[in-house]
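The structure displayed is predicted, hence computed values, not measured ones.
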Amino acid sequence: MPIARSWVEEFVAQYLTLRGYMVKTDVGIGPGIHGGRKDIDVIAVDMPSKEVLLIDVRIAWRESAEKIAQGAKETLEKAEEAMKKLVGEGYRYKKMLVVVIDRPSEDKVKEIERALTMRGADVKVVSIASLLREAIRYVDEWRQEQVRRGFVKSGTKAALPENLYMMKLLEFLKDLRLAHLDAT
């Protein structure tokens with residue numbers, strides 16, 4: 001399994017893999033501004049629903065909300081064009097921006113959402129903190145589903161797949177009560 005360029009991209013990829021998506025990281029979508037290769041951070045495909053998630057990861061403390069929104073919009077639109085050429089029009093494309101912020105406040109996320117809306121972009125914006133909270137909750141859902149499907153014996157706790165090591169770490173922290181849902 002190739003490893004993404006950053007821990008955030010790898011976490012997003014592993015979380016979506018656990019959710020049943022086929023995932024690829026750092027996919028080339030065309031030439032960059034200075035001639036190098038332009039990548040989309042994460043592409044996740046849900047085959048039964050024919051849904052393609054295009055995910056851009058941005059560090060939010062370096063730039064203004066407007067600049068982040070503009071860069072994300074351009075990258076995600078370019079990714080959608082590239083994927084439509086590759087896999088066709090028969091899929092639903094959804095765009096997501098995962099924002100790494102240096103403070104627990106969601107204010108910057110809201111600023112970026114407003115900036116994207118002003119540019120006419122249909123992009124879901126989430127902070128890495130909120131995505132981590134979502135993943136913590138999902139671990140229990142996933143465990144229950146494994147029991148319901150009969151993949152583990154009754155009375156035992158389903159363990160996450162070993163290859164999803166970042167999710168395993170999150171599971172471990174959750175079980176030790178070091179990772180909490182109420183964290184901001």
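By the side chain to side chain contact (heavy atoms under 4.5 Å, CB included) test, Glu74 is found to be paired with Gln70, residues two or more places apart in sequence or in another chain being considered. Arg148 pairs by the side chain to side chain contact (heavy atoms under 4.5 Å, CB included) definition with Glu145, not counting sequence neighbours. With sequence neighbours left out, the side chain to side chain contact (heavy atoms under 4.5 Å, CB included) criterion links Arg114 to Lys110, Glu111. For Leu169, the side chain to side chain contact (heavy atoms under 4.5 Å, CB included) partners two or more places apart in sequence, or in a different chain, are Leu173.
Looking at Lys95 and Asp56, no side-chain N of the basic residue comes within less than 4.0 Å of a carboxylate O on the acidic one, giving no salt bridge. Checked for salt-bridge contact, Arg19 and Asp46 miss the test: no charged N lies under 4.0 Å from a carboxylate O. Between Lys85 and Glu81 there is no salt bridge, since no side-chain nitrogen of the basic residue lies less than 4.0 Å from a carboxylate oxygen of the acidic one.
To the nearest 0.5 Å, the span separating CD1 on Ile128 from CD1 on Ile59 amounts to 9.5 Å.
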How far apart are the C-alpha atoms of Asp175 and Lys157, what are their side-chain angles, what is the distance that settles it, and do they pass the side-chain contact (heavy atoms from CB on, under 4.5 Å) test?
CA-CA 11 Å; Asp175 289 346; Lys157 187 182 342 182; 3.4 Å; yes

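The shortest non-hydrogen separation linking Arg37 to Val27 is NH2-C, 3.9 Å. Counting all heavy atoms, side chain and backbone alike, Val52 lies closest to Ile43 at CG1-CG2, 4.0 Å. Between Glu51 and Tyr21, the shortest heavy-atom contact is OE1-OH, 2.8 Å. Residue Ala13 comes nearest to Thr25 through the heavy atom pair CB-CG2, 3.6 Å, listed as atom of the first residue, atom of the second, then distance. Listed here is the closest heavy atom pair of Ala159 and Trp142: O-CH2, 3.3 Å. Residues Ala115 and Ala65 approach most closely at CB-O, 4.0 Å, considering heavy atoms.
Dense packing is recorded around CG of Asp140, with more than 12 heavy atoms of other residues, nucleotides or ligands lying under 6.0 Å away. Crowding of Lys94 atom NZ: a count of heavy atoms from other residues, nucleotides or ligands under 6.0 Å not exceeding 12.
Note: the hydrophobic cluster containing Met83 also contains Met47 (ILVMFWY, side chain heavy atoms under 4.5 Å, direct or indirect links).
Although no hydrogens or angles enter the test, the distance criterion places no donor-acceptor pair under 3.5 Å between the side chain of Lys174 and the main chain of Arg137. Lys108 contributes a side-chain N or O that, together with a main-chain N or O of Ala60, makes up a donor-acceptor pair within less than 3.5 Å. When atom types are taken as modelled, the side chain of Gln14 and the backbone of Tyr165 share a donor-acceptor pair closer than 3.5 angstrom.
Hydrophobic side-chain contacts under 4.5 Å tie Val152 into a cluster, directly or through other members, with Val147.
Sorted by first and then second residue, the salt bridge (Lys or Arg N to Asp or Glu O under 4.0 Å) pairs with a member in residues 160-170 read Glu162-Lys168, Lys168-Glu171; sequence neighbours excluded.
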